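Throughout, protein chains are lettered first and strands after them, A, B, ... in sequence-line order, and every chain is numbered starting at 1. The structure displayed is predicted, hence computed values, not measured ones.
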Amino acid sequence: MLNIECPYCGFRDEIEFSCGGEAHISRPELNDKLSDKEWSEYLYSSYNPKGLFIERWVHSAGCRQWFNMVRNTVTNEIYEVYKIGSLPKTKEGLLAFKNNWRRKTKSELIDLKKKKNNGKK
Amino acid sequence: MLEKKQKYSIFSIIKNSFSYHQNWQKAWRNPEPKKNYDAIIVGAGGHGLASAYYLASIHGIKNIAVIEKGWLGGGNTGRNTTIIRSNYLWDESASIYEHSLKLWENLSNELNFNVMFSQRGVLTIAHSEHELKEMSRRVNAIRLNGIDSEILNPSQIKRFVPIIDIDQKLRYPVMGGFLQKRGGTARHDAVAWGYARAADSYGVDIIQNCELHEIIHKKNKITGVVTSKGKINTKKLGVVVAGHSSVVADKIGIKLPIQSRPLQALVSEPIKPILDTVIMSNAVHMYISQSDKGEMVLGAGVDKYNSYGQKGSFPVTQHMIASAVELFPILSRLRMLRHWGGIVDTCPDASPIISKTEIEGLYFNCGWGTGGFKATPGSGHVFADLIAKDKPNSISKPFSIERFEKGKLIDEHGAAGVAH
Ligand SMILES: Cc1cc2nc3c(=O)[nH]c(=O)nc-3n(C[C@H](O)[C@H](O)[C@H](O)COP(=O)(O)OP(=O)(O)OC[C@H]3O[C@@H](n4cnc5c(N)ncnc54)[C@H](O)[C@@H]3O)c2cc1C
Ligand SMILES: [Zn+2]
């Protein structure tokens, strides 16, 4: 059983949580330039790595808050939990974020740029 | 030179008993990879081996290698609970699973290998009025596709499965169910071994302990692979690696709609025969059968998060056992003998992907998730056809990966039920 640290409640057993799958997926802007392929990649394709992975979890039988988690999908080691809206900080988290093929798609790059600009304001 | 395969029969058993069974021919060779093959199949699970067998036997392509990173049949093929049925809802699924079931019915004969296919029936139970209505609708659709399927009332169920309690005051009363009599189970290892032996007899090289590392392509055409046993050239590459499909696809930038999840199962200590069919319950969420050795074989749903660790999470194991005891209190004192997990490749619509790709000569067969064992013969049959002709046939066509772009999903979450 995983022992998960909720950023709001601390360490609890896995059964109190639900997993919401891959984190940091940004919805492409809907316009006539968006191809069926890009839309289907957003909607259906999954980054499904053997190793470092960032996913969303919710403390469903606790505070009911969502948060992100960096986990190794082979060993189940958890490296980091962090709040929705922020980016990972650990070496493993940054690697997992960067390796995801989504970071290379057009809409993701535009989105990341936007995030950066917002940060400057 | 290829040695002729010995024929398995009662006479060969008698004959070999005179030499204390010391002189049986090896069921397959253990060759080193050649430099060139006409086609390479990655993954020696049931689906991969069946693909190679039908490529050789039907399409005459015999210069084939099946490369396997572990041992043949050591993946989900050797880990599943072996439920076989074809009572799916949509026409596309009915067509491929029924195609498969028909092949099962003659498989032991065709392969000259006893795959212990046993048509003991698969009975799915309803525990609420709503479930029963939904079931009737499903049964009607299935029958319209010409597939056997019938609704049973509680007393018919009691006659069919004497150990079941049909008291209507239970927390999960048995209100009815639907039965596919032609469904059942088979011996999973024997399926892998049977296909391996038959493929080998056509000269197919099954190369174990040989992991695919890289896929090489030039000008958008497959030219070969790099493996743990070196570089091998080929123009056609069929990837059939189940839970590892995304890992392989990622090597060449193909983005599959697949998530890899552990699916667990367990067997109890062997007991005398008490159950001669397969029982599934979606509401209580479990399925169970009894093996020929007497072990109760049971399983439930997939784990809640992606993982490549073949063990699975403990709450799921607990749930599986609790559900079995809820439905059959008679099992409560049985001891567990073995427990394991396999990594299944789940698709958003619970249907498989049998498809060409953007790269010429590269084909994927994956996404069977929790229910692909039953499809082993059919999947191999249509995948071989796709690889040989570079064109999908009417059965495999709807399962192309383009369905996700076109929005033509084949949603079988209902028929997939507990998982199978
Ligand atoms: C616990 C459990 C219960 C199940 N119960 C049922 C059931 O009751 N009924 C049913 O119909 N289905 C069931 N299934 C699903 C079924 O087992 C699978 O859908 C089916 O076996 C898939 O067959 P396969 O040949 O594609 O996969 P596998 O047998 O997993 O074969 C894939 C092979 O690819 C190899 N491979 C992976 N990566 C590489 C690489 N890079 N290089 C070389 N080789 C590689 C693997 O080692 C493996 O041997 C169950 C699955 C599990 C885990
Ligand atoms: Zn919490």
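Residues satisfying the side chain to side chain donor-acceptor pair (under 3.5 Å) test with B/Ser379, not counting sequence neighbours, are B/His47, B/Asn365. With sequence neighbours excluded, no residue forms a ring-ring contact (aromatic ring centres under 6.0 Å, His included) with B/Phe399. Remark: B/Arg171 pairs with no residue by the salt bridge (charged side-chain N to carboxylate O under 4.0 Å, His left out) rule, at least two apart or across chains.
In this structure, the portions of B/Ile258 lying under 4.5 Å from any heavy atom of chain A include both its backbone and its side chain. Heavy atoms closer than 4.5 Å to chain A are found nowhere in B/Ile343, neither backbone nor side chain. Neither the backbone nor the side chain of A/Phe17 comes within less than 4.5 Å of any heavy atom of chain B.
Chain A forms the most heavy-atom pairs under 4.5 Å with one residue out of B/Ala249, B/Pro315, B/Gly309, and that residue is B/Pro315. Chain A forms more heavy-atom pairs under 4.5 Å with one residue of B/Val247, B/Val316, B/Leu256 than with any other, namely B/Leu256.
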Short donor-acceptor contacts under 3.5 Å linking chain B with chain A:
| unit_1 | atom_1 | unit_2 | atom_2 | d |
| --- | --- | --- | --- | --- |
| B/His244 | NE2 | A/Lys50 | NZ | 2.8 |
| B/Ser246 | OG | A/Asn48 | ND2 | 2.8 |
| B/Lys255 | O | A/Ser45 | OG | 3.2 |
| B/Leu256 | O | A/Ser46 | N | 3.1 |
| B/Ile258 | O | A/Ser46 | OG | 3.3 |
| B/Ile258 | O | A/Asn48 | ND2 | 3.2 |
| B/Ser260 | N | A/Asn48 | OD1 | 3.3 |
| B/Ser260 | OG | A/Asn48 | ND2 | 2.9 |
| B/Tyr305 | OH | A/Glu14 | OE1 | 3.1 |
| B/Tyr305 | OH | A/Glu14 | OE2 | 3.2 |
| B/Asn306 | O | A/Arg71 | NH1 | 3.3 |
| B/Asn306 | O | A/Arg71 | NH2 | 2.6 |
| B/Asn306 | ND2 | A/Asn48 | OD1 | 3.4 |
| B/Ser307 | OG | A/Thr73 | O | 3.4 |
| B/Tyr308 | N | A/Thr73 | O | 2.7 |
| B/Tyr308 | OH | A/Asn48 | O | 2.7 |
| B/Tyr308 | OH | A/Asn48 | OD1 | 3.4 |
| B/Tyr308 | OH | A/Asn48 | ND2 | 3.4 |
| B/Ser313 | OG | A/Glu14 | OE2 | 3.0 |

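Within a 6.0 Å radius of NZ in B/Lys229, more than 12 heavy atoms belonging to other residues, nucleotides or ligands are found.
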